Structure formats: C-alpha cells, structure tokens
Amino acid sequence: MKHPDLLLFHGRLLTPPAEAVALGQPLSLEETADGAVVAHRGKIVDVGPTAEVLERTTAGPMTRMIDAQGRAVLPGLVDPHTHMLYAKDRMDEMELRHEGKGYLEILAAGGGILKSMRDFRAADDQELAEGLLSRLKQAVGQGTVAVEVKTGYGLSQAEEMRGLGIIDRVAKLTGLPITPTLLAAHAFPPDTGRAEYLDQCDRTATQAAKAGLAKAVDVFVEDGVFSPAEGRRLLAHARTLGLAARMHADELSPSGGAELAAELAAVSADHLTAATAEGLAQMAAAGVSAVVLPGTSFFLDRPPLMAARVREARLIAALATDSNPGSSPFVSMAWMIALAFHRNRFTWPEALTMATINAAHVLGRDRELGSLTVGKRCSLLVLDEADPRVLVYRPDQAAPWAVVESGRVLIWQGAPTEEVMAWTVS
Ligand code: NIG
Ligand code: FE
C-alpha cells in the first residue's frame, strides 16, 4: 500500500474487544484519547495514537483526511435482528392494544403478522424495495453499518422467495453488509393447512439455500404460533442445508424456546423476556447468543429482559431493533442502546458491546465488524461529541457527525453524502 484511502485522526477512539464477550464480568471499552484510524480498500490497516499513526503513514493526494477534532469514534453499530422488509405500518393495531387487546389476540383474529402478510402480497417489488431502502437509509443516518433483514410476511414459498430476492437486490444496490434470514415460519397462513405449511417452509429453506439467498432460518416459537416440536423440525432441516438456526423464543410466555435453542446449538435465541433461568443457563453452556430487543418490550409495554439475568447466565448478548411494523417500528440502534441502559439496566459499555462486536458475532461477522481492529472493515460511527454517553443520555440528539462503512463516507457532518442520496430502486 502506497497511500491509504482514508485517514481519520484526532478522534477519541473507543472500542470493545475484537471478539465477542459474555456478560457477567465488569466491562469497559478500550480508549485511545487522541487516536487515528487508517483505511485502505475498505479495511482498517492501522489504528492507534494519532502521533504514532501519522509517523507510520504517508498520505497521498487521494487520501481522504478527516480531522475528528476530539469527537468520539466508535465501531459502526450492527443491527442483528430486523423485519425491515414490509409494506405498510400497523398504527391501528397500536391503538387496539391500548384498548386492551393482546398482541396474539390480534394475530389470532387475522390481524398482526397476517395483516402484514396481506399488505406484503399486495405490494409490488418496487414498493417493497423502496420501503426497505428508506428504512436502511434512516438506520445508516443513526450510525448503523450492517443489518440482518428477515422475510416473514410472504408466508408462501413463492412470496418468501420474492422477499429474499428483494433483500438481495437492495443489498447489492447499497453495497451494505446485509445478512438475509428466511422467516417463513413467522405465522401459519390462513390459506394453507398446518402440515402442508411446515413442508412448504422446508422446501423454501432448501430453495433459498440452493440459490444462496439466505444465511439463516428463523422460527417464531411461541404458545399459539409454532410449537417447540415444529421449531425443532424446521431448524434441524435448516442445519442440514448449512444455514444458521435462529429463534424468536419465549417472547410472550415461557414456551421452552431457550431450552430448544440450547438443544439445537442455535446461533441465537431472541427476545427471551419470558425465558426461564434454567433455559438461559443452558443457552450459555451451548454457546447460543441472546439477542435483547428493548424496543419491543417498550412498544408492547412488557417487562424487559433485565441485565442481571443475562449476567447471571453469562450469556453472549447482543442488542437489535427488531424493526417491524407491529411490535417495534424503530430503526435506531442508538435508541436501543438508550433503552437497554435505562430499562434493562445494562451499563453503557455493555450496551455498546452488545450493539457492536456481540451483534456482529450473531451474524457470523465478528472477524469483519464490531471493533476498531486492523483487518476488519473500516466501519465507524463518529459522534458529534467527545463523550459517547450522549447515546444513552439524549439519543434523540446524538445523530452521527460521520458514518464510514467499509471505508466509504456515508454520513458527513450530520448529513447523508451524495452516495447515499443516489441509492434508488430503479
Ligand atoms: O419479533 N414476534 C414475532 N415477530 C416480530 C413481530 C412481527 C410483527 O408483529 O409484525 C417480533 O416481535
Ligand atoms: Fe423479531
């Protein structure tokens, strides 16, 4: 390398370790008070105190120089659980819940996920791609550099495959590291018998794996939705295809989801607000990560998964938005970090670790994302302040000063750059 592509200096660098960490011991971020990061071909090639890095680096005429002027520089945020591919909002349902109707009661009456299924099926590819793209732009504007996107509103083989195709199209047009997950088992569609739909989920997983369009299979295991036995069958099949197993587990009632995730050595079990202590301990022993979704507990007004329970089980825990029209219509990981601190009682270094390296671990991307480490993608969140606790203190006023994704500057001085403005579905 003669001249690097990017040199960011005079930043207050804060990073979690290069590998995922189990909670339970006191955590702190490693700080370099006046630090620099050098990127070439999208990757970090040097990082350290500004004075030392400048001595080792020869900037050329094409090197982009960014003087961070003491601002906090963190690894870009990673969102490992979203349902961002959907057609319409569900604001009416939000009001029904206020009047006392339950989330599963609304679903059983043909609303909820099934309302989103009808909206999805009625929408064309263009509309769906535009919706996903606009949510991604918003997320990037809040410091997110990588996301997982699930299907789950098509609920037939053809419609779920259509969803995966749209996710792939948007991943290609943005160049963002998007991890696609097949969630055909999100609800039973009213137009298909139960046994037939389970077979269809397996066939869809096979087709998706062959086409290289999914990295994982997820199942909504919950009383009244998919049983643990059904989850076991679908995820065992996914594993034979080389796909990662993920699970919506114990979100509303203790349904044996955490225990099943442990038995299957799933990559993650997500939600877990109603999980048993025994189930959480089994997950940790089996190396299953926990994905904490504070936006959902907030929006459905349910007790959050408290930090003490996660620490006691010594789980590798990550944070995600669960971005979806029904239970968490949010895209901001900063907002999740704040909720995780205030409601779940994680410390802010824990919350940041959960939103970076541990989130990357859930996506199988811990060697490429989640910390300021040589060899990883140069994906950075530069806050407009020196103190990173603004994310927790006033998340509504913590919009990034800059966001860098694999060496590309996507947000600059608080605004999307021309590159981001040019992302369109054509
Ligand atoms: O993670 N629980 C199941 N799935 C989503 C909600 C999806 C929806 O309501 O549309 C969740 O909360
Ligand atoms: Fe979810």
Side-chain angles (χ1 to χ4, degrees), residues 79-97 101-121 123 128 131-132 135 147-155 159-160 163 179-189 216-227 230-231 246-253 255 257 261 266-275 289-305 318-331 333 336 339 359 362-363:
D79 189 348
H81 179 143
T82 89
H83 310 249
M84 278 190 192
L85 177 66
Y86 61 85
K88 292 207 165 104
D89 67 57
R90 302 216 304 263
M91 292 196 218
D92 296 342
E93 185 185 312
M94 159 182 93
E95 293 198 276
L96 285 177
R97 275 191 288 97
K101 284 241 162 32
Y103 177 84
L104 288 177
E105 204 181 331
I106 294 168
L107 176 62
I113 294 169
L114 295 177
K115 194 267 185 195
S116 289
M117 175 200 77
R118 292 188 293 276
D119 292 341
F120 183 95
R121 291 182 180 180
L128 288 166
L132 172 57
R135 286 168 209 122
V147 294
E148 184 247 24
V149 182
K150 301 177 198 293
T151 63
Y153 298 118
L155 304 185
E159 287 292 316
E160 288 290 305
T179 305
T181 296
L182 176 69
L183 176 58
H186 200 190
F188 282 96
V217 167
D218 194 338
V219 181
F220 185 12
V221 175
E222 191 71 46
D223 280 345
V225 198
F226 289 79
S227 70
E230 290 163 342
R246 301 200 47 189
M247 208 185 297
H248 282 68
D250 302 324
E251 174 180 357
L252 303 162
S253 56
S255 336
V267 164
S268 77
D270 306 30
H271 285 293
L272 299 169
T273 46
S289 299
V291 179
V292 181
L293 304 166
T296 315
S297 321
F298 168 76
F299 196 72
L300 295 183
D301 192 18
R302 300 183 58 84
L305 177 61
L319 273 179
T321 60
D322 198 18
S323 187
N324 78 77
S327 69
S328 183
F330 311 117
V331 297
M333 283 296 289
M336 296 307 119
L339 288 173
V362 168
L363 298 181

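Keep in mind that this is a model prediction, so the values were computed, not measured. One-based numbering, in listed order, for ligands and for the atoms of each. Below, all heavy atoms of this structure are taken into account, side chains as well, without hydrogens, waters or symmetry copies.
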(request) Hey, can you tell me if Y153 and Y86 have their rings parallel, tilted or perpendicular (30° and 60° cut-offs)? (result) perpendicular
(message) So if I count the atoms of ligand 1 from 1 in the order they appear, which ones are less than 4.0 Å from some heavy atom of I113?
(response) 7 (C), 8 (C), 9 (O), 10 (O)
(request) Run down the list H81, E93, M117, H186 and name the one with the heavy atom closest to atom 4 (N) of ligand 1. (result) H186
(message) With rounding to 10 degrees, what does the angle H81:NE2 / the Fe ion (ligand 2) / H248:NE2 come to?
(response) 90°
(request) Could you see which bit of Y86 sits under 4.0 Å from ligand 1, with heavy atoms only: side chain, backbone, both or neither? (result) neither
(message) Tell me whether D79 contacts the main-chain N or O of T321 through its side chain, where contact means a donor paired with an acceptor under 3.5 Å.
(response) yes
(message) Considering non-hydrogen atoms of the protein only, which is the closest contact for atom 2 (N) of ligand 1, and what is the distance?
(response) E251 OE1, 2.7 Å
(request) For the pair F188 and F226, name the ring-plane relationship: parallel under 30°, tilted 30 to 60°, perpendicular over 60°. (result) parallel
(request) Distance to 0.1 Å, residue and atom name: give those for the protein heavy atom nearest to atom 11 (C) of ligand 1. (result) D322 OD2, 3.1 Å
(message) What protein heavy atom lies closest to atom 6 (C) of ligand 1? Include the residue and the distance to one decimal.
(response) Y103 OH, 3.0 Å
(request) Report yes or no: does R97 contribute a side-chain atom to a donor-acceptor pair with the main-chain N or O of G102 at less than 3.5 Å? (result) no
(message) Can you report which non-hydrogen protein atom sits closest to atom 12 (O) of ligand 1, along with the distance?
(response) S327 OG, 2.6 Å
(request) Write the atom name of the N, O or S atom in D322 that is nearest the Fe ion (ligand 2). (result) OD1
(request) Considering heavy atoms of the protein only, find what lies nearest to atom 10 (O) of ligand 1 and give residue, atom and distance to 0.1 Å. (result) Y153 OH, 2.6 Å
(message) For ligand 1 and T296, I'd like to know whether there is a polar contact (N/O to N/O, distance under 3.5 Å).
(response) no
(message) Can you tell me how the ring of H83 sits relative to the ring of H186, calling it parallel under 30°, perpendicular over 60° and tilted otherwise?
(response) parallel
(request) Give me the ring orientation class for F299 and F330: parallel if the planes are under 30° apart, tilted from 30 to 60°, perpendicular past 60°. (result) perpendicular
(message) Please check: side-chain N/O of R90 versus main-chain N/O of G111, any donor-acceptor pairing under 3.5 Å?
(response) no
(request) Please answer whether the main-chain N or O of L182 pairs with a side-chain N or O of T151 as donor and acceptor at a distance below 3.5 Å. (result) no
(request) Using distance alone, determine whether H271 and ligand 1 share an N or O pair under 3.5 Å. (result) yes
(request) Tell me, please: is R90 in heavy-atom contact with ligand 1, that is, under 4.0 Å? (result) yes
(message) On a heavy-atom basis, which atom in A320 and which in V291 lie closest, and how many Å separate them?
(response) CB-CG1, 3.8 Å
(message) Just checking: H271, one of its N/O/S atoms, less than 2.8 Å away from the Fe ion (ligand 2), yes or no?
(response) no
